[in-house]
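What follows is one structure encoded as C-alpha cells, with my remarks underneath.
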Amino acid sequence: MAWLTGYPREEIGWFPTIDSEKCVKCGMCMNCGKNVYDWTENGAKVVRPFDCVVGCTTCANLCLGNAISFPEIDVVRETYKKQGIWAKVKKQLQAEGKLEATK
Ligand code: SF4
Ligand code: SF4
C-alpha cells in the first residue's frame with residue numbers, strides 16, 4: 001500500500017477516540033476492516049490505534065451515538081507536506097505501474 005511509503009505509522013497521530021458518554025453500544029464501529037476495536041463489557045474500545053488507516057473516518061461517520069472523533073486532518077496534511085510523503089507516494093505508484101511515469 002502506498003499511503004505512507006515507509007514513513008512510520010506511529011509518527012502520525014491519526015486514530016479514533018470514543019466518548020464513552022455518547023456511545024450507545026450500537027456495534028457499528030466493530031465493522032472496521034482494520035480491526036482497530038475490540039468489544040468489551042463496556043462497549044467498543046480502541047485497542048490497535050495505529051492500524052487505523054490514516055485519513056479514514058468511516059466508523060465516525062456511521063457511529064449511531066456520534067461518539068467517535070479524530071484529530072484535525074490539517075495536522076496530518078502538514079506532516080505529509082513536511083515529510084514529502086505525497087511525492088514518495090507518487091513515485092511508489094509509478095514504480096508499481098499504477099501511475100504513468102512522468103518524464
Ligand atoms: S477510521 Fe476507518 S480504519 Fe480507522 S478505525 Fe475507523 S473504520 Fe477503522
Ligand atoms: S459505533 Fe459509536 S455508538 Fe456504536 S458502539 Fe461504536 S462508538 Fe459506540
Side-chain angles (χ1 to χ4, degrees):
M1 272 209 305
W3 294 110
L4 284 169
T5 60
Y7 188 75
R9 176 63 183 84
E10 287 74 15
E11 295 290 315
I12 299 183
W14 183 269
F15 46 77
T17 299
I18 299 174
D19 180 342
S20 54
E21 303 278 302
K22 289 187 180 175
C23 174
V24 295
K25 299 185 174 63
C26 71
M28 183 61 87
C29 55
M30 296 302 292
N31 286 303
C32 167
K34 299 300 283 186
N35 205 22
V36 167
Y37 299 92
D38 273 353
W39 193 255
T40 72
E41 57 184 20
N42 298 316
K45 190 174 174 199
V46 177
V47 286
R48 287 165 287 274
F50 294 113
D51 285 349
C52 177
V53 178
V54 176
C56 181
T57 57
T58 302
C59 54
N61 295 337
L62 299 179
C63 169
L64 180 60
N66 213 5
I68 300 173
S69 60
F70 283 87
E72 288 295 320
I73 190 66
D74 282 349
V75 176
V76 175
R77 293 179 67 89
E78 197 53 39
T79 303
Y80 270 57
K81 193 172 162 187
K82 273 194 195 146
Q83 299 296 331
I85 295 175
W86 276 304
K88 288 178 195 161
V89 166
K90 188 170 182 182
K91 210 169 158 189
Q92 183 176 329
L93 289 168
Q94 286 171 332
E96 290 172 0
K98 292 176 181 168
L99 284 184
E100 264 183 49
T102 43
K103 289 175 189 165

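Remember, predicted model here, so these are calculated numbers, not experimental data.
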### Task
Taking side-chain hydrogen bond (donor to acceptor under 3.5 Å, both in side chains) as the test, write out the residues that go with T58, two or more places apart.
none
#### Entry: side chain to side chain contact (heavy atoms under 4.5 Å, CB included) involving D19 - partner list, sequence neighbours excluded
E21, K22
Would you give me the side-chain donor-acceptor pairs under 3.5 Å for residues 71-79, sequence neighbours excluded?
residue : atom : partner : partner atom : Å
T79     : OG1  : V75     : O            : 3.2

### Message
Does any part of the side chain of I18, heavy atoms only, come nearer than 4.5 Å to the side chain of K45, both counted from C-beta?
### Response
no
### Task
Group every Ile, Leu, Val, Met, Phe, Trp and Tyr by side-chain heavy-atom contacts under 4.5 Å, then state whether V47 and M30 land in the same group.
no
### Task
Output every pair passing salt bridge (charged side-chain N to carboxylate O under 4.0 Å, His left out) with a member in residues 51-61, not counting sequence neighbours, ordered by first then second residue.
none
### Close side-chain approach of T57 and W14, heavy atoms under 4.5 Å
yes
### Query
Taking only residues two or more places apart in sequence or in another chain, which ones pass ring pair (Phe, Tyr, Trp, His ring centres under 6.0 Å) with W39?
none
#### Entry: Residues forming a side chain to side chain contact (heavy atoms under 4.5 Å, CB included) with K88, sequence neighbours excluded
T5
### Message
Can you confirm whether W3 sits close enough to I12 that some side-chain heavy atom of one is under 4.5 Å from a side-chain heavy atom of the other?
### Response
no
### Message
Give me the atom names and distance for the closest heavy-atom approach of E100 to Q94.
### Response
O-NE2, 3.0 Å
### Message
Which heavy atom of Y37 sits nearest to which heavy atom of A44, and what is that distance?
### Response
CD2-CB, 4.2 Å
### Hydrophobic cluster (4.5 angstrom, side-chain heavy atoms) - remaining members for L62
M28
### Message
Run the salt bridge (charged side-chain N to carboxylate O under 4.0 Å, His left out) test against D38 and tell me which residues pass, sequence neighbours left out.
### Response
R48
### V24: hydrophobic cluster co-members (side-chain, 4.5 Å)
L64
### Query
If we only count heavy atoms from C-beta on, is the C52 to R9 side-chain gap below 4.5 Å?
yes
### Message
Please enumerate all residues that pass side chain to side chain contact (heavy atoms under 4.5 Å, CB included) together with A87, with sequence neighbours excluded.
### Response
none
### Query
Is the closest side-chain heavy-atom distance between W86 and K81 below 4.5 Å?
yes
### Task
Dump the intermediate steps for side-chain contact (heavy atoms from CB on, under 4.5 Å) on Q92 and V89, then the final yes or no.
CA-CA 5 Å; Q92 183 176 329; V89 166; 5.8 Å; no
### Query
Who are the ring pair (Phe, Tyr, Trp, His ring centres under 6.0 Å) partners of F15, not counting sequence neighbours?
F50
### Query
What distance separates I68 CD1 from C29 SG, expressed to the nearest 0.5 Å?
4.5 Å
### Query
Can you find a pair of side-chain heavy atoms, one from V36 and one from P16, that are under 4.5 Å apart?
yes
### Query
For the residue pair K34 and V53, what are the closest heavy atoms and their distance?
CG-CG2, 3.7 Å
### Summary
The side chain to side chain contact (heavy atoms under 4.5 Å, CB included) partners of T17 (sequence neighbours excluded) come to S69
